[in-house]
Amino acid sequence: MTKGSINVSVENIFPLIKKFLYSDHEIFLRELISNATDATLKLKHLTNIGEAKVEYGNPQIEVKIDKDTKKLHVIDQGLGMTAEEVEKYINQVAFSGAEEFLDKYKDSAKDSGIIGHFGLGFYSAFMVAKKVEIITKSYKDEPAAHWICDGSPEFTIEPHDKTERGTEIILHIADDEKEFLEEGRIRELLTKYNKFMPVPIKFGTKEINDPEHEPKTITDKDGKETKEPYRKITVDDIVNNPNPAWTKQPADLKDEDYNNFYRELYPMQFEEPLFNIHLNVDYPFNLTGILYFPKMTNDLNIQKDRIQLYQNQVFVTDNVEGIVPEFLTMLRGVIDSPDIPLNVSRSYLQADGAVKKISSYITRKVADKLKSLFNNNREDFEAKWNDIKVVIEYGMLSEEKFFEKAEAFALYPTVDGKYYTYEELYNKIKANQTDKDDKLVILYAADKDAQHSYIEAAKAKGYEVLLLDSPIVSHLIQKLETTKEKVSFARVDGDHIDNLIKKEDTTISKLDDDQKKSLDELLKEVIPSEKFMVQLEAMDSEASPFIITQPEFMRRMKEMQATGGGGMFGMGNMPEMYNLVVNTNHELVSEILNTKTRKKQERLINQSLDLARLSQGLLKGEELTNFIKRSYDMIK
Ligand code: ADP
Ligand code: MG
């Protein structure tokens, strides 16, 4: 028996590991299973290249709990270690054997999927165990070794009579970590971290119907048929799927396979994803994965944290912030890359060159996929637009590259259910919707019903009206206005249609300047100035006499502030402000001016104002009651 002391330079590493290295104790299991997987994949590699002359077979990893003796076992059938190797790889902490292996077999082992990196994973066992044993038998023709360490730097190592190749790690679970002796807890961890690891992991057994046995149908004397029960057999309970979809070639997968994998990832999710994007690069970095576009709602906040990050099929985190561009964190799926440094802070991550490349690669892939979906089946793409627009619009706002690419597939739907690309829209409306200052005015509505009368007025002029109703649309409009030349967006209820797209002034006012002045004074006396800005306009005599509008600028600033950023400070708290556009050419307006008694004038003004408010949905409560009462009085 050899006694020794673990590398003195790391004398104090145990308390350190216990406290700081991993804040989550539960990750010890992930580390041990990663090592077991590495040991198995290393053996596979060595047999492949003919260096290990042993039968590889169908190795699996077993996790076992022994509640009575308070032990947890992780057993593999990998390459094992000789006593000398235990000394080297286990006792010299922070000397990563995985790294050495990859170094030695640099060229041939680069795609072997080996996980280890830092040479500290094994010691995470001491976060939950007061004593750890390793019983290991190398594939080489040497006796097995038995290593024991109680968490102090002292250890013992002696020969063992184990004959099967592989390693068994035995954790004597500490008293305050008893949760790791519970079957439910361990199963939960296996599902979280190891669900897609490449070597089958056995955790206990389960009973299934014997597939070899076809139950007979028995007919009794009354002619009643009963089916014989299935014969049950006990099989290993394999908790993982070693070949998840993302590790396969896109050509080998059908839509159904992608959808099944989605279900595997999100068992509680009943809706099918809209489409998926298979990621697959090996230069200049390694990355595979599948991203899914789920149906989006308009609530941006509740949809994050659904993409899972893996490294060589080991689950790492579901917080991909900094790795995936912000707007894509609304998607779902998996990303697997050994090239993402994880032992660094998030802010460092964002500055990392490799990570930046990964992020822009993902952005590009998503844009390419959207473009090909649009080109290959426009009808289908249009049908899905409503469910995906939030992501696309958000991406256009936040990633310049994506904004440029989105030119090819971003859609602008109209209130009549047509969908234009920006270019199509531009060509369609250029002739009719360019104002006298040579500016193109794009009209839009946010709500088809609430803005119905304004939409109709615009359509009567032959204008196209877009329907833009996503939560960040005011930001997007702002962005488009600053990127495109001589273009402005105007919501249909922002002003009278003739003012929204000002053509050469042709309408002559029926009122002279004196009449206008007295009308203006009268209106300002009757109408509360803190709510409405009165504005006289000579419009078509057929247009409404009173029109309430909300100035585009004000409304947009308020909206932008409500959805974060962009708006002016303090705007969100401003009271609602409306314009009251009075059509001086309307008969009713002349009547107001010419009515003799002041009382009757006020009644006409208030009645007209209320009608204008009613059409904007702004008349409520007591004012509505008064309006109705007044209306009955007037028709009496
Ligand atoms: P890393 O996995 O990053 O190399 P670890 O601390 O997890 O670091 O493991 C240290 C080394 O111990 C491994 O590189 C490997 O050589 C050896 N080792 C650990 N577990 C096993 C195992 N189950 N089978 C064979 N070797 C192992
Ligand atoms: Mg390891």
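Just so it is clear, the structure is predicted and the values come from calculations on it, not from any experiment. Both ligands and their constituent atoms are indexed starting at 1 by order of listing.
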Review point. Does NZ or CZ of Arg332 lie under 6.0 Å from the centre of the six-membered ring of Tyr266, at an angle within 45° of the ring axis?
Key: yes

Practice item. Quick one: look at Leu32 and ligand 1, take heavy-atom pairs under 4.0 Å, and tell me if it's side chain, backbone, both or neither. Key: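 For Leu32, there is no contact with ligand 1 at all, from either part.
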
Review point. At a non-hydrogen distance cut-off of under 4.0 Å, which region of Asp76 contacts ligand 1 (side chain, backbone, both, or neither)?
Key: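 The part of Asp76 near ligand 1 is the side chain, not the backbone.
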
Check your understanding: Does some non-hydrogen atom of Lys42 fall short of 4.0 Å from ligand 1?
Key ->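 For ligand 1, residue contact (heavy atoms, under 4.0 Å) with Lys42 is present.
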
Would you say [X] and ligand 1 have an N/O pair spaced under 3.5 Å apart?
{"X": "Gly121", "result": "yes"}
{"X": "Phe122", "result": "yes"}
{"X": "Asp38", "result": "no"}
{"X": "Asn35", "result": "yes"}

Review point. Which ligand 1 atoms, with their elements, are less than 4.0 angstrom from a heavy-atom of Ala39?
Key: 22 (C), 24 (N), 25 (C)

**Study point:** Under 4.0 Å to a heavy atom of Ile90 - the qualifying atoms of ligand 1, by number
**Key:**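 What qualifies from ligand 1 is 12 (O).
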
Practice item. Taking both backbone and side-chain atoms into account, decide whether Ser34 has an N/O/S atom under 2.8 Å from the Mg ion (ligand 2). Key: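 Of the N, O and S atoms in Ser34, none lies under 2.8 Å from the Mg ion (ligand 2), which means no.
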
Check your understanding: So which of Met81, Glu168, Lys88 gets nearest to atom 18 (N) of ligand 1, if we judge by its closest heavy atom?
Key ->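 It is Met81 whose heavy atom sits nearest to atom 18 (N) of ligand 1.
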
Between [X] and [Y], does any side-chain N to carboxylate O distance fall below 4.0 Å?
{"X": "Glu207", "Y": "Arg231", "result": "no"}
{"X": "Glu264", "Y": "Lys195", "result": "no"}
{"X": "Glu182", "Y": "Arg187", "result": "no"}
{"X": "Arg185", "Y": "Glu179", "result": "yes"}
{"X": "Asp236", "Y": "Lys206", "result": "no"}
{"X": "Asp66", "Y": "Lys70", "result": "no"}

Just list the side-chain donor-acceptor pairs under 3.5 Å for residues 243-257, sequence neighbours left out, or say none.
unit_1 : atom_1 : unit_2 : atom_2 : d
Trp246 : NE1    : Asp336 : OD2    : 3.2
Thr247 : OG1    : Pro244 : O      : 2.6
Asp257 : OD2    : Lys254 : N      : 2.8

